[in-house]
S.K.: 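Next up is a structure, given as structure tokens.
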Amino acid sequence: MPSFLSEMSPSRTLRVVAYRTALFAGFAALLGACGNESPAPESTAAPQDNADSAAEQLVDAVEANVSPEQHLTEVLVAQPPEVKERYKWRHPSETLAFFGVEPGMTVVETDPGAGWYTRILMQYLGEGGTLIGADYAIAMYPLFNYYSDEELAAKASWAERWPAEMGAGGSAGAALAGANIGAISEARNGTVDVYLFVRVLHNLADFEEEGAYLSAALAEAFRVLKPGGVVGVVQHWSPDANSDEWASGANGYLKKDFVIARFEDAGFTLDGESSVNENPMDQPSEDEYVWRLPPASEDPEDPELAAKYLAIGESNRMTLKFRKPAAT
């Protein structure tokens, strides 16, 4: 495979190869029709180079007319099996469409983790887009009480390392930038289209008393979003019957009313909600927490209980869209 193809996303590579094949067929047909009536004009480029360049131009022209929905479908189809396995629980196509994420946008993804959503977003946003990974504040990590000194030291340089680590595969995609929540550059003020909190609000809420981490995150989201910009929330959803103490975030779950109230206090308006990530089979008691379920699957010693949790699948999740007022 030519080197320039190996640097492309899988979906684009397939299109370039297809167009190049068609171009070669066209060249061959033209030569056959012309016979030996006149010599071919000299060219400083090899025929394959000409075909590669023409194929790239054709793909650019076609992609200009590809809808965001079609493009996202291509990106999702190209993901590896371990990513696709989670589609039935995480519904990335419907979720990103609900939040209004489109190619070319500037998007913040909080706590990207191992990059499940990152790899989808960087390809979907494309070369005209920007993806900012915003990890938890460095000072928040010791509060988890399970990171080693070595791991904590590594967290301190995460923002500098993250773009290279995510871009190491060579896939063409969005520009990447790393930051910590609460420390996104003021140069980003009013430049972000969509700010995503996907399964992260519980930790921010759990440590709110120790450092106002939730308040700082929401204030920052408001600061960097464009007027009219969107916040997308996907969050493990506590049953209303469970106590507020249990639903503090320590068990992974928050109540919907709590989430809405905190965003409204930060200046946002609720712009819609979706049932796409709901799982009514997940009804935790106050003796349970979210990490009993996949993908964490902290299996209990009881095999029947472990099987029960596996059958439930991933957690019941609220999906909320908030908007920064257009005039602020």
Side-chain angles (χ1 to χ4, degrees), residues 89-90 110-111 113 134-147 152 155 180-182 195-222 231-270 273-302 304-306 308-322:
W89 303 114
R90 299 182 177 181
T110 52
D111 187 29
D135 198 15
Y136 293 129
I138 296 172
M140 184 173 138
Y141 272 103
L143 301 175
F144 285 100
N145 291 324
Y146 52 73
Y147 286 101
L152 291 174
K155 291 294 183 184
N180 290 94
I181 296 175
Y195 200 115
L196 299 175
F197 290 97
V198 179
R199 306 184 309 278
V200 300
L201 289 176
H202 52 282
N203 287 324
L204 296 168
D206 188 28
F207 298 130
E208 175 72 355
E209 291 186 4
E210 287 81 357
Y213 293 108
L214 178 59
S215 298
L218 302 193
E220 182 171 73
F222 196 92
V231 171
V233 171
V234 180
Q235 178 56 46
H236 312 299
W237 187 354
S238 166
D240 288 339
N242 288 18
S243 67
D244 292 345
E245 291 75 17
W246 181 87
S248 65
N251 294 295
Y253 293 90
L254 296 173
K255 293 186 175 181
K256 184 195 292 187
D257 288 348
F258 169 84
V259 172
I260 293 174
R262 291 308 305 264
F263 273 93
E264 289 180 342
D265 289 346
F268 294 97
T269 58
L270 180 64
E273 53 187 289
S274 171
S275 61
V276 65
N277 293 304
E278 292 180 13
N279 177 9
M281 292 183 64
D282 177 29
Q283 296 295 324
S285 71
E286 295 201 10
D287 295 323
E288 297 174 313
Y289 53 77
V290 74
W291 300 282
R292 76 198 192 284
L293 300 176
S297 294
E298 295 182 3
D299 294 337
E301 295 181 0
D302 182 348
E304 291 186 5
L305 194 56
K308 170 190 171 184
Y309 292 155
L310 185 62
I312 289 173
E314 295 195 18
S315 67
N316 185 34
R317 295 162 185 164
M318 65 184 89
T319 304
L320 307 174
K321 178 168 64 175
F322 296 92

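All values below come from the heavy atoms of this structure, side chains included, with hydrogens, waters and symmetry mates left out.
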S.K.: Are any non-hydrogen side-chain atoms of Asn279 and Ile312 less than 4.5 angstrom apart?
M.R.: yes
S.K.: Please round to the nearest 0.5 Å and tell me the distance separating atom OG of Ser238 and atom CH2 of Trp246.
M.R.: 4.5 Å
S.K.: Would you say the ring centers of Phe268 and Phe222 fall short of 6.0 Å from each other?
M.R.: yes
S.K.: What I want to find out is whether Glu314 reaches Arg90 closely enough, with some N-O distance under 4.0 Å, to be called a salt bridge.
M.R.: yes
S.K.: Asp287 vs Arg292, test: salt bridge (charged side-chain N to carboxylate O under 4.0 Å, His left out). Steps then yes/no.
M.R.: CA-CA 11 Å; Asp287 295 323; Arg292 76 198 192 284; over 6 Å; no
S.K.: So how far is it from Lys321 NZ to Glu273 CD, rounded to the nearest 0.5 Å?
M.R.: 11.5 Å
S.K.: Hey, are Asp240 and Lys255 close enough for a salt bridge, meaning a charged N less than 4.0 Å from a carboxylate O?
M.R.: no
S.K.: State, with a plain yes or no, whether a side-chain heavy atom of Tyr253 is found less than 4.5 Å away from one of Gln235.
M.R.: no
S.K.: Between Arg262 and Glu208, does any NZ, NE, NH1 or NH2 come within less than 4.0 Å of an OD or OE carboxylate oxygen?
M.R.: yes
S.K.: In Å, rounded to the nearest 0.5 Å, how long is the span from CH2 of Trp89 to CZ of Arg317?
M.R.: 9.5 Å
S.K.: Find the distance between CG (Leu201) and CG (Leu218) and round it off to the nearest 0.5 Å.
M.R.: 7.0 Å
S.K.: Taking the side chain as everything from C-beta on, heavy atoms only, tell me whether Thr269 gets closer than 4.5 Å to Glu264.
M.R.: no
S.K.: Can you classify the ring geometry of Phe144 versus Phe207 as parallel (below 30°), tilted (30 to 60°) or perpendicular (above 60°)?
M.R.: perpendicular
